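Just so it is clear, the model here is predicted, and its values are computed rather than measured.
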Amino acid sequence: MDARELARRRPVWKALSDLFLDTEARPWIPSMALVVLDAGYSDDEMRRIWRNEIVPEFSPNLLSIAGEWADLPLDEESLVARAEGGGSMLGAVASKNAPSLDEQLEAVLAVRRVLGETRPEARGELAHELGKVLDVWVDGAIGGREPASEAIRPLVGAAFRRLQPTFVDLLIGERRATAAERVALVERFLGC
């Protein structure tokens, strides 16, 4: 792998490695999608990088009793060897036995497609707003402080105009007019 390709691949490895931390990473999916968009790989290339490089390199953290929750180090030598070596049995086995891993990549790719259709100067702000909605939902759903739908209702109402294309494209392809319908869209996207 030449220096140019390594520079292109490194941010993708780093961003997507966060999906293997021992913590909730869904609120970071929009920022991961921005990194993947900037790298310029096709969906098929990203799936190959995911299965052959990222999953085999970082999935062992998910099996650890005391997995890393803050930051996984990049072993570039190992990642380059995986990239140049082709297929990975570990990546295939991990993806087959933990389909939620592939679902997380597909979520990143879906958000990337929506961000790619957004004006370049507005992508960062849209990703940030979607990340806020996801963060509030996860905090409410996991923390149990209040039901997720109640926690996101004000945020969705305030940010929905800017997020509507994302919700429409990612969810069910239809527009919903009422606040309850918008909350239902977000909940459906988030799988609750």
Side-chain angles (χ1 to χ4, degrees), residues 1 3-55 57-59 61-62 68-74 76 79-80 82-83 95 100-139 141 152 155-156 158-173 182 185-191:
M1 176 177 302
R4 183 177 155 164
E5 182 59 24
L6 180 60
R8 181 180 178 206
R9 191 90 111 228
R10 186 181 294 124
V12 171
W13 289 334
K14 185 65 184 149
L16 295 182
S17 73
D18 286 348
L19 291 170
F20 297 88
L21 292 172
D22 192 13
T23 190
E24 178 58 60
R26 284 179 291 184
W28 307 333
I29 285 176
S31 61
M32 293 174 194
L34 274 177
V35 170
V36 171
L37 177 63
D38 289 344
Y41 293 108
S42 70
D43 285 359
D44 288 340
E45 288 172 314
M46 278 308 308
R47 289 182 187 105
R48 185 184 49 73
I49 291 167
W50 176 257
R51 179 153 295 145
N52 296 338
E53 301 164 31
I54 296 170
V55 170
E57 185 68 23
F58 300 110
S59 62
N61 191 62
L62 298 175
E68 179 62 48
W69 56 271
D71 192 26
L72 291 171
L74 287 185
E76 286 187 9
L79 286 160
V80 168
R82 290 180 193 284
S95 289
S100 66
L101 291 176
D102 287 345
E103 290 169 9
Q104 291 182 62
L105 174 65
E106 293 305 320
V108 170
L109 295 177
V111 173
R112 179 197 59 180
R113 283 188 287 276
V114 172
L115 292 174
E117 296 170 359
T118 304
R119 293 184 335 273
E121 64 275 10
R123 290 174 182 162
E125 185 178 347
L126 179 61
H128 178 71
E129 288 180 7
L130 183 54
K132 285 191 311 188
V133 171
L134 293 169
D135 191 41
V136 169
W137 179 85
V138 167
D139 189 41
I152 64 173
L155 254 175
V156 172
F160 184 71
R161 238 176 273 158
R162 296 196 46 78
L163 296 171
Q164 187 174 12
T166 301
F167 294 149
V168 169
D169 291 346
L170 288 179
L171 301 171
I172 56 176
R182 292 193 297 266
L185 284 175
V186 175
E187 289 176 339
R188 184 171 175 180
F189 168 61
L190 296 168

K.L.:
Does Arg82 reach the main-chain N or O of Asn52 with its side chain, forming a donor-acceptor pair under 3.5 Å?
P.N.:
no
K.L.:
Roughly how far apart are Lys14 NZ and Arg10 CZ, rounded to 0.5 Å?
P.N.:
12.0 Å
K.L.:
To the nearest 0.5 angstrom, please state how far the CG atom of Leu105 sits from the CD1 atom of Ile49.
P.N.:
10.0 Å
K.L.:
Going by heavy atoms in the side chains, are Leu16 and Val36 under 4.5 Å from each other?
P.N.:
yes
K.L.:
Before giving the answer on side chain to side chain contact (heavy atoms under 4.5 Å, CB included), spell out for Asp102 and Arg51 the whole-Å C-alpha distance, their side-chain angles and the decisive distance to 0.1 Å.
P.N.:
CA-CA 8 Å; Asp102 287 345; Arg51 179 153 295 145; 2.8 Å; yes
K.L.:
Please identify each residue that fulfils side-chain contact (heavy atoms from CB on, under 4.5 Å) with Glu106, with sequence neighbours left out.
P.N.:
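Residues passing side-chain contact (heavy atoms from CB on, under 4.5 Å) with Glu106: Arg47, Leu109.
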K.L.:
Once rounded to the nearest 0.5 Å, what's the spacing between atom CZ of Arg9 and atom CD1 of Ile54?
P.N.:
8.5 Å
K.L.:
Step by step, work out the ring pair (Phe, Tyr, Trp, His ring centres under 6.0 Å) result for Phe20 and Trp50.
P.N.:
CA-CA 12 Å; Phe20 297 88; Trp50 176 257; 5.3 Å; yes
K.L.:
Taking only residues two or more places apart in sequence, or in another chain, which ones meet Arg123 in a side chain to side chain donor-acceptor pair (under 3.5 Å)?
P.N.:
none
K.L.:
Give the minimum heavy-atom separation between Leu34 and Gly124, together with the two atoms involved.
P.N.:
CD1-CA, 3.9 Å
K.L.:
Nearest heavy-atom pair of Ser17 and Leu72: which atoms, and what distance?
P.N.:
O-CD1, 3.4 Å
K.L.:
With a 3.5 Å cut-off and no angle check, do the side chains of Tyr41 and Arg48 form a donor-acceptor pair?
P.N.:
no
K.L.:
Evaluate side chain to side chain contact (heavy atoms under 4.5 Å, CB included) for Leu21 paired with Asp18, printing each intermediate quantity in order.
P.N.:
CA-CA 5 Å; Leu21 292 172; Asp18 286 348; 3.6 Å; yes
K.L.:
Can you see which heavy atom on Ala7 is nearest to which on Pro11, and at what distance?
P.N.:
O-CD, 3.1 Å
K.L.:
Tell me, please, which residues at least two apart from Asp43 pass side chain to side chain donor-acceptor pair (under 3.5 Å).
P.N.:
Arg112, Arg113
K.L.:
Looking at every non-hydrogen atom in both residues, tell me the closest pair between Met1 and Ala83 and how far apart they are.
P.N.:
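Between these two residues, the closest heavy atoms are CE-CB, 3.4 Å.
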K.L.:
Specify the closest pair of heavy atoms between Ala127 and Pro30, including all atoms of both residues, with the distance to one decimal.
P.N.:
O-CB, 3.3 Å
K.L.:
Does a side-chain heavy-atom distance below 4.5 Å link Met32 with Val108?
P.N.:
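Counting from C-beta outward, Met32 and Val108 do come under 4.5 Å.
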K.L.:
Between Thr118 and Ala122, which heavy-atom pair has the shortest distance, and what is it?
P.N.:
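In this case the closest contact between Thr118 and Ala122 is CG2-CB, 3.8 Å.
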K.L.:
Here's a test for you: under side chain to side chain donor-acceptor pair (under 3.5 Å), which of Glu53, Glu57, Glu76 qualifies with Trp13?
P.N.:
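By the side chain to side chain donor-acceptor pair (under 3.5 Å) criterion, Trp13 pairs with just one of Glu53, Glu57, Glu76: Glu53.
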